Amino acid sequence: MALISPRTPPGTMELLPRRQVAFQRMLDTIRRTYERFGFLPVETPVFEVADVLLSKSGGETEKQVYFVQSTGGIEQGHKPDLALRFDLTVPLARYVAEHERDLAFPFRRYQIQRVYRGERAQKGRYREFYQCDIDVIGKDSLPVAYDAEMPAVIHSVFTALDVGPFTINFNNRKILLGLFEALGISEPERRVLVLRQVDKLDKLSREQVLELLAGEGIGLAPDVASQVLDMIGFAGSADATLAHLDGLALDNDTFRQGVAELREVVTALQAFGVPETHWRVNLSIARGLDYYTGTVYETFLTNHPGLGSVCSGGRYENLAGLYTKSKLPGVGISIGFTRLFYALEQAGIVQDGPSTVQVLVTQFDPSLMADYLAIGAELRAAGVNTEIQLEPAKPKKQFAYADKAGIRYAVIMGPDEKARGEVTVKDMVSGEQHAVARAALAGWFAGK
RNA sequence: GCGGUCGUAGCUCAGCUGGUAGAGCCCUCGGUUGUGGUCCGAGUUGUCGUGGGUUCGAGUCCCAUCGAUCGCCCCA
């Protein structure tokens with residue numbers, strides 16, 4: 001019979017147990033840090049009612065959505081009425097609108113779950129991946145100070161993850177939009193297109209971006225295009241950038257409001273005590289998603305620029321507008337954890353974690369099985385993760401097993417130890433063996 | 001959705017201008033009595049992606065097809 005070749009679908013990440021332990025620990029670090037900053041956990045279903053999920057997006061995202069339909073429904077020719085979520089922000093909007101009366105505002109939630117996008121899998125681009133989101137949702141209003149809190153959380157998370165140097169870039173979309181208004185680029189669709197191209201300034205040369213801005217679909221006059229880049233291409237400290245923006249003296253309300261907000265975020269961020277080595281105002285950051293209305297963020301790993309942003313987000317004035325008449329402004333960020341983990345793996349930064357099994361109670365003499373079971377029970381009662389070797393096997397094989405599985409300690413008790421009222425504890429890493437009194441065994445592991 | 005590369009053992013790959021398939025790793029067993037990670041020895045593993053064509057003969061050449069991968073678009 002022909003075997004079916006075992007394989008994962010493209011664009012999915014699957015790990016061996018010890019790598020999974022490393023993955024899980026990093027995820028725990030993110031979770032702990034989010035909680036430390038006062039965020040509450042939320043989970044939502046992997047699939048949502050299709051029209052709830054798709055109401056907003058339209059266009060590009062819609063093509064990437066996986067629909068869900070039962071086989072019965074397919075047989076009856078029904079169109080799928082469920083779809084897998086492609087991010088956590090849209091489900092959050094639905095969640096907040098649905099539970100508005102029961103939630104305390106400002107509502108601070110974190111959410112760590114997988115999302116799905118049906119796009120071509122590429123290096124570091126997955127069709128199923130983890131997002132680790134935090135958002136703060138206000139009722140009617142939400143002070144800009146919350147915009148400054150986001151980078152503070154990101155800084156804390158990435159420092160705790162110990163992933164090497166990183167920079168949080170941020171900007172305010174109102175600055176860009178006001179600038180475009182002042183330059184006569186009025187159509188919203190065209191502004192979004194310009195934003196997308198401007199966003200590429202980090203990757204492409206000035207000339208290439210100029211060409212794109214003059215190209216099809218946008219058709220910016222060359223002098224306007226270079227004016228845009230002159231204003232946006234400024235590089236300098238946060239204070240210098242703000243001075244640069246003031247110096248432009250643009251007569252546009254949106255622009256002025258954007259600069260004022262940016263200044264407020266910078267000031268608050270300094271007060272939050274986030275070192276300026278880890279963030280910068282970057283006027284070319286725009287973000288593709290069009291629901292962002294103010295502050296936007298992107299975070300890059302210094303040593304992996306090719307990877308793109310590993311954490312991004314922004315401010316949205318009225319996210320849940322499609323679901324409720326209440327005005328619910330918010331600000332949030334999202335860590336693309338699967339991609340981040342992939343990058344760290346590639347860079348050799350990720351080490352396999354230890355097994356979650358701390359101790360293997362080996363079996364040297366089947367007649368002592370009752371003792372092995374008793375030892376296992378004692379260790380477990382003492383909070384030590386313990387596996388008992390239940391199948392008779394040669395010592396060689398048992399140690400090889402412990403070694404391969406990454407189990408740190410092996411407990412050995414043969415007739416000799418039994419007679420002395422002792423057990424032998426072997427440290428598989430150092431190779432050292434310790435004679436431990438039978439009664440003191442659980443205590444021996446207390447500090448390990 | 002559009003472009004460039006590549007498909008040989010579970011994995012990484014070798015196989016020169018066509019002559020009946022190889023290495024390393026992994027895995028299994030062994031190197032005697034209760035000891036792994038090193039070393040030594042032995043062993044298992046393949047419709048050479050699939051279908052067709054050229055040829056006395058194709059892993060090797062040609063065509064098609066499927067799959068993978070990288071880049072573009074978009075994005076974490």
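The sequence lines fix the lettering, A, B, ..., with proteins before strands; numbering per chain opens at 1. Computed from a prediction, not measured in an experiment: that's the story for all the values here.
Distance check on atom C1': G15(B) versus U32(B) gives 43 Å, rounded to whole Å. One P atom belongs to C26(B), the other to G7(B), and the distance between them is 25 Å to the nearest Å. Distance noted for atom P between U65(B) and G22(B): 34 Å (whole Å). Only the P atoms considered, U8(B) is 6 Å distant from G49(B), to the nearest whole Å. Spacing between U20(B) and C48(B) at atom P, rounded to whole Å, works out to 16 Å. Comparing the C1' positions of A9(B) and U17(B) gives a spacing of 27 Å, expressed to the nearest Å. Distance check on atom C1': C70(B) versus A14(B) gives 24 Å, rounded to whole Å. Atom name P, nucleotides G18(B) and G57(B): the rounded distance is 15 Å, in whole Å.
T44(A) and R85(A) share a donor-acceptor pair across their side chains, judged by distance under 3.5 Å alone. Between the side chains of Y401(A) and E391(A), no donor N or O sits under 3.5 Å from an acceptor N or O. No hydrogens or angles considered: a donor-acceptor pair under 3.5 Å links the side chains of E417(A) and T424(A). In the model, Q363(A) has no side-chain atom that pairs as donor or acceptor with a side-chain atom of Q398(A) under 3.5 Å.
In the set G34(B), G36(B), G30(B), the nucleotide with an atom closest to the side chain of A400(A) is G36(B). Of the candidate nucleotides C26(B), G36(B), G34(B), C26(B) has the atom nearest to the side chain of K404(A). For R117(A), counting side-chain heavy atoms from C-beta on, the closest listed nucleotide (G34(B), C75(B), G31(B)) is C75(B). For K426(A), counting side-chain heavy atoms from C-beta on, the closest listed nucleotide (G37(B), G34(B), U35(B)) is U35(B). Counting only heavy atoms from C-beta on, F399(A) has its side chain closest to G36(B) among G36(B), G34(B), A76(B).
Contacts of V429(A) with the nucleic acid, taken as non-hydrogen atoms under 4.0 Å apart, include base atoms. Across all strands, A402(A) comes closer than 4.0 Å to no nucleic acid atom at all (heavy-atom distances). Among the atoms of the strands shown, base atoms are found under 4.0 Å from some heavy atom of D416(A). Contact annotation for I335(A): no contact, since no heavy-atom pair falls under 4.0 Å across all strands.
The CD1-P distance, from I154(A) to A76(B), rounds to 13 Å in whole Å. One can place CG of L301(A) at 12 Å from C1' of A76(B), the figure rounded to the nearest angstrom. The nearest whole Å value for the distance from the CD1 atom in I407(A) to the C1' atom in U35(B) is 15 Å. When the P atom of A76(B) is taken as reference, atom CG of D135(A) falls 13 Å away, rounded to whole Å. For the pair R339(A) CZ and C75(B) C1', the interatomic distance rounds to 7 Å; values are reported in whole Å. Atoms CE (M428(A)) and P (G36(B)) sit 9 Å apart, rounded to a whole Å. For the pair F300(A) CZ and A76(B) P, the computed distance is 11 Å after rounding to whole Å. Regarding K397(A), its NZ atom lies at a distance of 15 Å from the C1' atom of U35(B), rounded to whole Å.
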Would you list the protein and nucleotides 43-45 of chain B atom pairs, both N or O, that sit under 3.5 Å from each other?
none

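Counting distance only, with no hydrogens placed and no angle test, the side-chain atoms of D403(A) and the base atoms of G37(B) include no donor-acceptor pair under 3.5 Å. Contact annotation: side chain of Q398(A) to base of U35(B), donor-acceptor pair absent below 3.5 Å. Applying the 3.5 Å distance criterion, the base of G34(B) shares a donor-acceptor pair with the side chain of E417(A).
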Starting at the 5' end of RNA chain B, write a dot or bracket for each base, bracketing those in Watson-Crick or G-U wobble pairs whose two distances are under 3.5 Å and using | for partners on another strand. (((((((..((((.....[..)))).(((((.......))))).....(((((..]....))))))))))))....
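Taking the nucleotide of RNA chain B with the nearest heavy atom to each of Y401(A) and Y126(A), the more 5' of the two is matched to Y401(A).
Y130(A) and F341(A) have their aromatic ring centers separated by at least 6.0 angstrom. Here W279(A) and F272(A) keep their ring centres 6.0 angstrom or further from each other.
Distance alone, capped at 3.5 Å, is enough to place a donor-acceptor pair between the N385(A) side chain and the T356(A) backbone.
One finds no side-chain N or O of K396(A) lying less than 4.0 angstrom from the OP1 or OP2 phosphate oxygen of U35(B).
Screening Y66(A), F47(A), F67(A) for a side-chain contact (heavy atoms from CB on, under 4.5 Å) involving L82(A) leaves a single residue, F47(A). A ring pair (Phe, Tyr, Trp, His ring centres under 6.0 Å) with F337(A) is found for exactly one of F129(A), Y126(A), F23(A), namely F23(A).
Between H278(A) and H155(A), the ring planes lie perpendicular to each other; the angle is over 60°, past the 30° to 60° tilted range. Aromatic ring pairs are classed by plane angle as parallel below 30°, tilted from 30° to 60° and perpendicular above 60°; the pair F158(A) and F166(A) is tilted.
Contact check on R173(A) versus E317(A) returns no salt bridge, with no Lys/Arg side-chain nitrogen under 4.0 Å from an Asp/Glu carboxylate oxygen.
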